[in-house]
Asks: 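Before we start, here is the structure in question, set down as structure tokens.
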Amino acid sequence: MLEVVDLRVYYKSIFGDYKSVDGVSLSVKKGEIFGIAGESGCGKSTLVDGILRLIRPPGYIRSGKVFFEGINLLELDESRLNKIRWSRISYIPQGSMNSLNPVLRIEEQATDALIEHSDLTKNEAKRVIEEKLGVVGLPREVLRSYPHELSGGMRQRVIIAIAIALNPSLVIADEPITALDVVVQKSLLKLLKDLRDNYGVTLMFVSHDMAAHAQLVDRMAIMYAGKVVEVGDTEDIFYNPQHPYTKLLISSIPKLEKKEIKGIPGIAPSPLNWPRGCRFHTRCPWAMDICTIYEPEMIQIDGVRLVACHLYGESGKKN
């Protein structure tokens, strides 16, 4: 359904280009929940903005291709792209309170969004959003509310209702559960899963929360320093991680039986000046001389797993 090919999204500065997304390739299959995980600053949200062409100056899309249902979104003019947004591909942004206009009632801004991206009349748009509010577990009375009158969880459900209102085939959710309490997080994760199971929505779920990925997604990509370093089934990623960064990322997840929580040593590099060779070698306990010189290629191991690491030879077997 979605294929990203060598996408590069940079931000201009007086010091040079910040290469936030620097050669990302991945694919999302129809009907699956695909996760993107990694530390804050690895490029997850910038990747989403690049896919949806929401990048604004000083940011720009340097190169790459984004195929959605066979159409390269990066080649479309604004009018054609606007017809695809929301009706075929929609977006759940990070921080729902920042996404809702505080001086407008929910009804007004929800119907405006639907009218802008469809041929619905105002009354038709209102009926559609009432129906979708029911789908996400909210009463129709929410339409008369202002955003500040709703809880964080309710605001996020409103955003989800707007995102699915025109029955898109793909929904991209960028950190949809951040800053919410764990009870609300659990209910929203269940809601997102139900949208896939009951309504056939394909979902791309972006979050730094590895536990949320474990509960929700079918396949996932691990990002580090503007690149994807591992892709695989979620169960395989958690029980048998292959890339050193993935291993350390999972080992840092707090568990009840753990007496000591260990973080990943060192700090993430700056996108203004990525390290030469493998970008993780400055923090990697298994780094070799080759890691400081050559950037590893993404290779296939175990039949379906993709890993970018010099620990594996061209055949996909561990050296």
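For this chain, numbers begin at 1 and follow the sequence in order.
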Asks: Are Ser79 and Asp77 linked by a side-chain donor-acceptor pair shorter than 3.5 Å?
Replies: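 Per modelled atom types, Ser79 and Asp77 side chains form a pair under 3.5 Å.
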Asks: Report the distance from atom CZ of Phe238 to atom CE of Met210, rounding to the nearest 0.5 Å.
Replies: 4.0 Å
Asks: Are side-chain heavy atoms of Ile160 and Leu195 found at a separation under 4.5 Å?
Replies: yes
Asks: Rounded to the nearest 0.5 Å, how far apart are CG of Asp233 and CD of Glu32?
Replies: 9.0 Å
Asks: Atom CG of Leu249 and atom NE2 of His243: how far apart are they, to the nearest 0.5 Å?
Replies: 11.5 Å
Asks: Counting only heavy atoms not in Asn198 (residues, nucleotides, ligands), do more than 12 fall under 6.0 Å from its CG?
Replies: yes
Asks: I'd like to know whether Asp194 forms a side-chain hydrogen bond (donor to acceptor under 3.5 Å, both in side chains) with Tyr199, so could you lay out the CA-CA distance, the side-chain angles of the two residues, the decisive distance to 0.1 Å, and finally the verdict.
Replies: CA-CA 8 Å; Asp194 289 344; Tyr199 297 92; over 6 Å; no
Asks: Is the shortest heavy-atom distance from the side chain of Met223 to the side chain of Val24 under 4.5 Å?
Replies: yes
Asks: Within a reach of under 6.0 Å around CD of Glu69, are more than 12 heavy atoms found that belong to other residues, nucleotides or ligands?
Replies: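 Atom CD in Glu69 is crowded, with more than 12 foreign heavy atoms closer than 6.0 Å.
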Asks: For the OH atom on Tyr294, are there more than 12 heavy atoms of other groups (residues, nucleotides or ligands in this structure) within a distance under 6.0 Å?
Replies: no
Asks: Does a sphere of radius 6.0 Å around CZ in Arg53 hold more than 12 heavy atoms from other residues, nucleotides or ligands, not counting ones at 6.0 Å or beyond?
Replies: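 Yes, because the 6.0 Å sphere around CZ of Arg53 holds more than 12 heavy atoms from other groups.
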Asks: Applying side chain to side chain donor-acceptor pair (under 3.5 Å) between Tyr245 and each of Arg283, Arg279, Glu39, Glu230, report the one that passes.
Replies: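 By the side chain to side chain donor-acceptor pair (under 3.5 Å) criterion, Tyr245 pairs with just one of Arg283, Arg279, Glu39, Glu230: Glu39.
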Asks: Do other residues, nucleotides or ligands put more than 12 heavy atoms under 6.0 Å from Glu235 CD?
Replies: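 Count not over threshold, so no.
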Asks: Check whether the side chains of Arg155 and Ser99 place a donor and an acceptor atom closer than 3.5 Å, and report yes or no.
Replies: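 Per modelled atom types, Arg155 and Ser99 side chains form no pair under 3.5 Å.
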